[in-house]
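I have placed the structure first, in the form of structure tokens, so that the comments after it can refer back to it.
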Amino acid sequence: TPSSSDVLLTEDAVRRYLIRKPMTTKDLLKKFQTKRTGLSSEQTVNVLAQILKRLNPERKNINDKMHFYLTE
Amino acid sequence: SNSEADEMAAALEAELNDFM
């Protein structure tokens with residue numbers, strides 16, 4: 001059963017992270033670890049891909065790694 | 001594990017590259 005410590009992989013949660021600071025795909029995946037969301041790896045990848053397609057964040061390279069970010 | 005995280009990141013980037 002869900003508890004208050006559960007992490008929800010939602011568009012709103014992703015938006016809040018990307019407004020705060022640029023993040024790589026790995027940074028985002030760390031925020032929504034399967035053991036915290038209860039989703040499978042495949043579900044996590046699919047849901048996060050759909051959310052990022054909708055949000056269509058800006059991209060920039062930092063230390064040769066592609067980062068996503070949003071402005072308010 | 002770290003390699004699982006790498007695989008997930010690669011899968012996610014592959015999905016996004018088709019779009020972006």
Side-chain angles (χ1 to χ4, degrees), chain A residues 2-3 5-72, chain B:
Chain A
S3 75
S5 63
D6 284 339
V7 171
L8 293 178
L9 175 43
T10 63
E11 185 170 326
D12 218 46
V14 174
R15 183 189 292 114
R16 274 186 271 116
Y17 281 127
L18 294 183
I19 285 172
R20 203 177 303 158
K21 65 169 189 166
M23 298 181 100
T24 65
T25 51
K26 275 187 87 167
D27 294 333
L28 281 168
L29 288 165
K30 260 185 236 167
K31 297 293 185 188
F32 302 104
Q33 291 176 53
T34 55
K35 65 187 173 195
R36 299 173 71 196
T37 61
L39 300 177
S40 69
S41 298
E42 195 180 347
Q43 285 174 318
T44 301
V45 167
N46 289 338
V47 172
L48 205 42
Q50 293 310 312
I51 288 172
L52 288 169
K53 287 174 188 178
R54 274 202 301 273
L55 290 175
N56 197 17
E58 304 291 331
R59 294 170 164 210
K60 69 175 166 187
N61 280 315
I62 302 171
N63 299 326
D64 282 335
K65 285 184 183 165
M66 198 265 290
H67 288 65
F68 295 114
Y69 68 100
L70 288 168
T71 51
E72 280 184 272
Chain B
S1 72
N2 202 37
S3 65
E4 192 190 2
D6 285 338
E7 275 177 32
M8 288 174 70
L12 179 55
E13 282 164 28
E15 287 243 2
L16 293 173
N17 283 335
D18 292 341
F19 169 78
M20 290 174 151

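Each chain gets a letter, A, B and so on, in the order its sequence line appears, and its residues count up from 1. Owing to the predicted nature of the structure, the values given are computational and were not obtained by experimental measurement.
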- Item | A:Asn46/B:Glu15 under side chain to side chain contact (heavy atoms under 4.5 Å, CB included): CA gap, chis, key distance, verdict | CA-CA 8 Å; A:Asn46 289 338; B:Glu15 287 243 2; 3.2 Å; yes
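- Annotation: the span from A:Leu52 atom CG to B:Glu13 atom CD amounts to 10.5 Å, rounded to 0.5 Å.
- No more than 12 heavy-atom neighbours from other residues, nucleotides or ligands sit within 6.0 angstrom of CD on A:Glu42.
- Across all non-hydrogen atoms, the minimal contact from A:Val45 to B:Met8 is CG2-O, 3.7 Å.
- Only the side chain of A:Leu29 comes within contact range of chain B, with at least one heavy atom under 4.5 Å from a heavy atom of that chain.
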- For B:Leu12 and A:Lys26, what are the C-alpha separation, side-chain angles and deciding distance, and is it a side chain to side chain contact (heavy atoms under 4.5 Å, CB included)? CA-CA 9 Å; B:Leu12 179 55; A:Lys26 275 187 87 167; over 6 Å; no
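- Atom CG of B:Leu16 sits about 6.5 Å away from atom CZ of A:Arg59, to the nearest 0.5 Å.
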